[in-house]
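One structure is given here, and the rest of the page talks about it.
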Number of protein chains: 2
Amino acid sequence: MMFSKSCEYAIKAVIHLCMETRDGKRLSVADISEAIESPEPFTAKILQTLARHGFISSAKGPGGGFYIEKNAAPIVVMDLVELIDGDQAFNRCGLGLKECSEDHPCPIHNEFKSYSARLKKLLESKTIQQLAAEIKAGRAFLVNS
Amino acid sequence: MMFSKSCEYAIKAVIHLCMETRDGKRLSVADISEAIESPEPFTAKILQTLARHGFISSAKGPGGGFYIEKNAAPIVVMDLVELIDGDQAFNRCGLGLKECSEDHPCPIHNEFKSYSARLKKLLESKTIQQLAAEIKAGRAFLVNS
DNA sequence: CATATTTCGGATATGTATATCCGAAATATG
DNA sequence: CATATTTCGGATATACATATCCGAAATATG
Ligand code: FES
Ligand code: FES
């Protein structure tokens, strides 16, 4: 498993927000969790974390909800992953050694590291906005059906 | 996290067996778990699973233990992974869609799939015996210190 | 045969990610 | 100001991977 569930929901939620709140609209937890097919209270926790760290904005009260500012900077996918999953996803040794290093490599280090490093680089160059564009263009999907 | 703990221990244990039981010797659970720094009873479970599926051999009673037959065929790393972790490791969608497919891809499918597929191919071409050789040559390590 | 050793299999315990619940705070509306 | 709506934060529950325990079966040895 590459990402945690939390991280999967986080990525999907921010993509959805990015698509739906361009024009000052706001989405409630219920809206979002329904759209991305995720458990509502669990999604709420994640959205709160994202808001607390400034990845998204939030407003309380009637008509409130979560949104992304019009002039907000593009969100790098890898930044989301690092917030939610820490360095568990990419800097960990594939066989559980305390640390992954060239000096003291496990026997699958070369296979493992070269590919995880390249994937990491790719996610560092991808933004949520780019992914959202793929969805809008109908070339990718956030849910099953 | 790429592999489960069970899978990490399985790979390490079989590598260790491969290195230490070439000459008809047998290793007890205690020997193995100490060598690869894994919890003993948990390791026992994994070794039993591996033996039940024919990846390794076992003998009860005094002088017994786990071992690999002299004339045993090389063990493909990916086969171990599939036994222990199923297809969770490689055939799953990175964003949690029910299935990963070209027809209905999630927005990170292209990044994700092309690299996980290549890693999978590599693990299908690597054998435990090859990894054991790396350890013996001092170019790779199974434990930290 | 008696004993010690070791794997085997099932039941149980622990830890952690996942998921839920609830009361408080903020805020828009009338 | 009263009310409804919504996020916020902390506490709690659930599910599953991880880890342990224990009695039974097998077997080498004397
Ligand atoms: S040391 Fe194991 S993956 Fe780098
Ligand atoms: S559909 Fe998500 S990784 Fe292939």
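Below, chains carry the letters A, B, ... as their sequence lines are ordered, and counting in each starts from 1.
- When the P atom of C:dT3 is taken as reference, atom NZ of B:Lys60 falls 21 Å away, rounded to whole Å.
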Next item on the list: Start with the C-alpha gap between A:His109 and A:Glu102, add the side-chain angles, then the distance that decides, and say whether side chain to side chain donor-acceptor pair (under 3.5 Å) holds.
Entry: CA-CA 8 Å; A:His109 174 84; A:Glu102 303 293 332; 3.1 Å; yes
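- Nearest to the side chain of A:Lys45, among C:dC8, C:dG9, D:dG9, sits D:dG9.
- Although no hydrogens or angles enter the test, the distance criterion places no donor-acceptor pair under 3.5 Å between the side chain of B:Lys126 and the main chain of B:Leu131.
- In this structure, A:Ile46 places its CD1 atom 8 Å from P of C:dA19, rounding to the nearest Å.
- Summarising the geometry of A:Gly94 relative to B:Phe3, their closest heavy-atom pair is O-CD1, 3.5 Å, with the distance given to 0.1 Å.
- Spacing between atom CZ of A:Arg52 and atom P of C:dA26 amounts to 16 Å, rounded to whole angstrom units.
- Ring pair B:His104/A:Phe141 is parallel by interplanar angle, where below 30° counts as parallel and above 60° as perpendicular.
- Remark: C:dT20 base-pairs with D:dA11; criterion is Watson-Crick or G-U wobble with both hydrogen-bond distances under 3.5 Å.
- Heavy atoms from other residues, nucleotides or ligands lying under 6.0 Å from CD of A:Glu124 number more than 12.
- For the pairing with A:Leu80, the side chain to side chain contact (heavy atoms under 4.5 Å, CB included) check across A:Asp85, A:Ile75, A:Ile15 returns one residue only, A:Ile75.
- When the P atom of C:dC8 is taken as reference, atom NE2 of B:His53 falls 13 Å away, rounded to whole Å.
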Enumerate all atom pairs, one protein N or O and one N or O from nucleotides 14-18 of chain D, separated by less than 3.5 Å.
unit_1 : atom_1 : unit_2 : atom_2 : d
D:dT18 : OP1    : B:Lys5 : N      : 2.8
D:dT18 : OP2    : B:Ser6 : OG     : 3.4

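- For D:dA26, the paired base is C:dT5 (Watson-Crick or G-U wobble, both distances below 3.5 Å).
- Summarising the geometry, the separation between CD on B:Glu40 and C1' on C:dT6 is reported as 11 Å, rounded to the nearest angstrom.
- At distances below 3.5 Å, at least one donor-acceptor pair connects side-chain atoms of B:Ser125 with backbone N or O atoms of B:Leu122.
- Taking every heavy atom of residues 26-37 of chain A and every atom of DNA chain C, no pair lies under 4.0 Å.
- If you check every strand for non-hydrogen atoms under 4.0 Å, A:Ala59 touches sugar and phosphate atoms only.
- Within the 3.5 Å criterion, the main-chain N or O of A:Asp79 finds no donor-acceptor partner in the side chain of A:Glu82.
- One can place CD1 of B:Ile56 at 14 Å from C1' of C:dT6, the figure rounded to the nearest angstrom.
- Each of A:Val14, A:Leu83, A:Ile84 was evaluated against A:Phe55; a single residue qualifies, A:Leu83, per the side chain to side chain contact (heavy atoms under 4.5 Å, CB included) test.
- With rounding to whole Å, A:Phe66 atom CZ is found 9 Å from D:dT6 atom C1'.
- Which of C:dC8, D:dC8, C:dC21 sits closest to the side chain of A:Gln48 comes down to D:dC8.
- Between B:Leu47 atom CG and D:dA19 atom P there is a gap of 14 Å when expressed in whole angstrom units.
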